[in-house]
Asks: 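The structure's right below; bear with me while I get my questions together.
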Amino acid sequence: MATSPLALISLLLTIAVYYGCKWLYRRHRKIWFAPILLAPLILGAIVLLAGIPYPVYNADARWLVWLLGPTTIAFAVPIYDQREIIRRNPLTLTIGVIAGVALGIGSSWLLATLFQLPDEVTHSLLSRSVSTPFAVVATDAFGGSRELTSLFVVVTGVFGMAIGETVMRLLPLRSRMARGAMFGAASHGAGTAKAREIGGEEGVVASLTMTMAGIAMVLISPLLGAWL
């Protein structure tokens, strides 16, 4: 079905704003310039000010969401490339993944219970600590909203980037592997980007932990969804 010129413009604008934010963040490493935070704010402001209806904006921009499928498959690449690290440290990575997934789900459930959030919001919140491609698949099993889950994932990632180094100073995490696992398991892609800024090994471990945590979340989501 043909789409309007405005829909195509919205798609091109989304791509341009994202890459513009990436360029800005490379020049100024400040949390408020991070593309995961700044790009949605700019795009949201443009859509509201220009009065672009969401169905029109999403008519072509939805193809960016479709790319989440191939992105999920592509996560197999870092696991294969870094398989030696997995062979050398299976227990450490396994504990990091299990702890990260358990704490992510547990803290989300506790937060929802304390504030008596509606069921849809609660179920959308559960997978907030894993990367978006995995989170939106898991939230389908939980009975949540993909849009809300994507928002919670962004907020979690930005928060992790912002306080991650402070947490490292407070906790006795001297191992590079432990630091990387913390970022990857708690703050997914945004945390992994921050871990790479801190050090190469931290970035590799964060990437592995993020990917394995996402896979674990998808695997357990049908069981947890049935319980919910």
Side-chain angles (χ1 to χ4, degrees), residues 1-81 124 127-140 144-162 164 183-184 187-197 203-204 206-207 210-211 213-215 217-218:
M1 184 173 64
T3 56
S4 68
L6 185 56
L8 178 59
I9 291 172
S10 297
L11 170 62
L12 297 177
L13 179 65
T14 300
I15 296 172
V17 168
Y18 173 73
Y19 279 101
C21 291
K22 283 192 69 173
W23 174 83
L24 186 62
Y25 186 65
R26 281 196 298 266
R27 292 178 61 88
H28 306 283
R29 295 284 182 172
K30 304 294 183 182
I31 184 63
W32 48 84
F33 291 141
I36 194 174
L37 174 63
L38 186 58
L41 292 177
I42 293 175
L43 289 168
I46 292 173
V47 168
L48 290 174
L49 292 174
I52 302 174
Y54 178 74
V56 174
Y57 171 82
N58 195 48
D60 282 345
R62 63 190 172 91
W63 294 111
L64 297 176
V65 179
W66 177 85
L67 288 172
L68 288 175
T71 300
T72 304
I73 298 172
F75 273 115
V77 175
I79 291 181
Y80 179 79
D81 288 343
S124 303
S127 57
R128 64 179 175 81
S129 290
V130 299
S131 189
T132 305
F134 301 107
V136 295
V137 173
T139 205
D140 288 342
S145 163
R146 284 190 166 206
E147 289 76 14
L148 282 175
T149 295
S150 298
L151 174 62
F152 294 144
V153 168
V154 170
V155 172
T156 301
V158 171
F159 189 71
M161 287 182 69
F183 275 107
S187 302
H188 49 80
T192 298
K194 188 64 179 179
R196 284 174 178 157
E197 293 178 17
V204 168
S207 178
M210 172 192 70
T211 306
I215 293 171
M217 178 68 78
V218 171

Asks: To the nearest 0.5 Å, what is the distance between OG (Ser127) and CZ (Arg146)?
Replies: 10.5 Å

Asks: Rounded at 0.5 Å granularity, tell me how far CZ in Arg128 sits from OG in Ser187.
Replies: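 One gets 9.0 Å once the value is rounded to the nearest 0.5 Å.
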
Asks: Heavy-atom distance under 4.5 Å between the side chains of Ser10 and Asp60, does that happen here?
Replies: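 They are not in contact (no side-chain heavy atoms under 4.5 Å apart), so the answer is no.
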
Asks: How close do Thr132 and Ser150 get, counting heavy atoms only, and between which atoms?
Replies: CG2-OG, 4.1 Å

Asks: Would you check if Thr149 and Val153 make a side-chain contact, meaning some heavy-atom pair closer than 4.5 Å?
Replies: yes

Asks: Which distance, rounded to the nearest 0.5 Å, do you find between the CG of Asn58 and the CG of Leu11?
Replies: 10.5 Å

Asks: For the pair Ser124 (side chain) and Gly144 (backbone), establish whether a donor and an acceptor sit closer than 3.5 Å, ignoring hydrogens and angles.
Replies: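 A pair under 3.5 Å: no.
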
Asks: Anything under 3.5 Å between a donor and an acceptor, one on a side chain of residues 32-57, the other on a protein residue two or more places apart or in another chain? List them.
Replies:
unit_1, atom_1, unit_2, atom_2, d
Tyr57, OH, Thr14, OG1, 2.7

